[in-house]
Amino acid sequence: MAWWLAKSEPDVYSIEDLKREGTTLWSGVRNYQARNYLRSMKVGEKLFFYHSVVNPVGIAGIAEVCSIAEPDPTQFDPTSEYFDPRATVDAPRWFCPRVAFVEAFDYVLPRKELMERPELEGLELLKPRSRLSVQPVSEEHFRLLYSWAKDRAKQ
DNA sequence: GCCAACGTTGGC
DNA sequence: GCCAACGTTGGC
């Protein structure tokens, strides 16, 4: 069982969009390391849904893998901004799992607050200039972050 | 297989 | 909008 964090710009796709739609294909990732993480995700694994390029940036909720990675359809679509002319149906390059909405936090955990927590030492997200849009999170960090989100929502 | 140029990411 | 860091591309 692994734990994850995936980034999305809420102007493009937010936790509220996922709440409304129920599930979505996590398509459009075009980085090999992130792709490898997406391919290793198993049904039932949880992801933090992180809002990037917004004020404030932070962890906005939770999603869950509901089906394992399949070829990302946007790579074959010439009208998509994620079209990859080097990909073919027989030899796809990009893969994406389907994820389901679990919850939207009442209190979005701001990145700024996370950076003040020494307990989060080693969290990929907080490493300087970490850019990966899909990252593993340790179970310990996942539980810690989840309980902080809950506690802050009560305040 | 090196490496310079280029494009992208993403916090600020 | 800036810009540092990083990944990718492609000529050699």
S.K.: Could you check whether A:E116 pairs with A:K112 (Lys NZ or Arg NE/NH1/NH2 to Asp/Glu carboxylate O, under 4.0 Å)?
M.R.: no
S.K.: Return no unless some side-chain N or O of A:Y50 is found under 4.0 Å from OP1 or OP2 of B:dG11.
M.R.: yes
S.K.: Set out, in order, the CA-CA distance, both residues' side-chain angles and the distance that settles side chain to side chain donor-acceptor pair (under 3.5 Å) for A:R131 and A:S52, then state yes or no.
M.R.: CA-CA 11 Å; A:R131 296 192 313 168; A:S52 65; over 6 Å; no
S.K.: Considering only heavy atoms and no angle criterion, is a donor-acceptor pair shorter than 3.5 Å present between the side chain of A:R131 and the base of B:dT8?
M.R.: yes
S.K.: Suppose clustering is done on Ile, Leu, Val, Met, Phe, Trp and Tyr with side-chain heavy atoms closer than 4.5 Å. Which residues sit in the same group as A:F105?
M.R.: A:W3, A:L5, A:F48, A:Y50, A:V54, A:V57, A:I59, A:I62, A:V102, A:Y107, A:L109, A:L114, A:M115, A:L120, A:L123, A:L125, A:L126, A:V137, A:F142, A:L144, A:L145, A:Y146, A:W148
S.K.: Using Watson-Crick and G-U wobble pairs whose two distances are both under 3.5 Å, how do you write the pairing of DNA chain B as dot-bracket, with | for links to another strand?
M.R.: ||||||||||||
S.K.: Name all pairs fulfilling the ring-ring contact (aromatic ring centres under 6.0 Å, His included) condition that reach into residues 63-102 of chain A, sequence neighbours left out, sorted by first residue then second.
M.R.: A:Y32-A:W94
S.K.: Please report the distance, rounded to the nearest Å, between CG in A:L125 and C1' in B:dG11.
M.R.: 11 Å
S.K.: Over how many whole Å does the gap from A:R30 atom CZ to B:dC6 atom C1' extend?
M.R.: 20 Å
S.K.: Going hydrophobic residue to hydrophobic residue with side-chain gaps under 4.5 angstrom, can you get from A:L38 over to A:L132?
M.R.: yes
S.K.: For the pair made of CD in A:Q33 and P in C:dT8, what is the distance, rounded to whole Å?
M.R.: 9 Å
S.K.: Counting only side-chain nitrogens and oxygens, does A:K7 get under 4.0 Å of the OP1 or OP2 atom of B:dG10?
M.R.: yes
S.K.: Atom NZ of A:K127 to atom C1' of B:dG11: distance rounded to whole Å?
M.R.: 18 Å
S.K.: Taking only the side-chain heavy atoms of A:R86 (C-beta and beyond), determine which of C:dT8, C:dT9, B:dG11 contains the nearest atom.
M.R.: C:dT9
S.K.: Run the salt-bridge test on A:K150 and A:E103 with the 4.0 Å N-O cut-off and return the result as yes or no.
M.R.: yes
S.K.: Within this structure, what is the CG-to-P distance between A:L132 and B:dG10, rounded to whole angstrom?
M.R.: 8 Å
S.K.: To the nearest angstrom, how far is A:K112 atom NZ from B:dG10 atom C1'?
M.R.: 17 Å
S.K.: When the distance from CH2 of A:W94 to C1' of C:dG7 is rounded to whole Å, what number comes out?
M.R.: 10 Å
S.K.: Going by heavy atoms in the side chains, are A:Q135 and A:K7 under 4.5 Å from each other?
M.R.: yes
S.K.: Rounded to whole angstroms, how far apart are CG on A:D84 and P on B:dT8?
M.R.: 13 Å
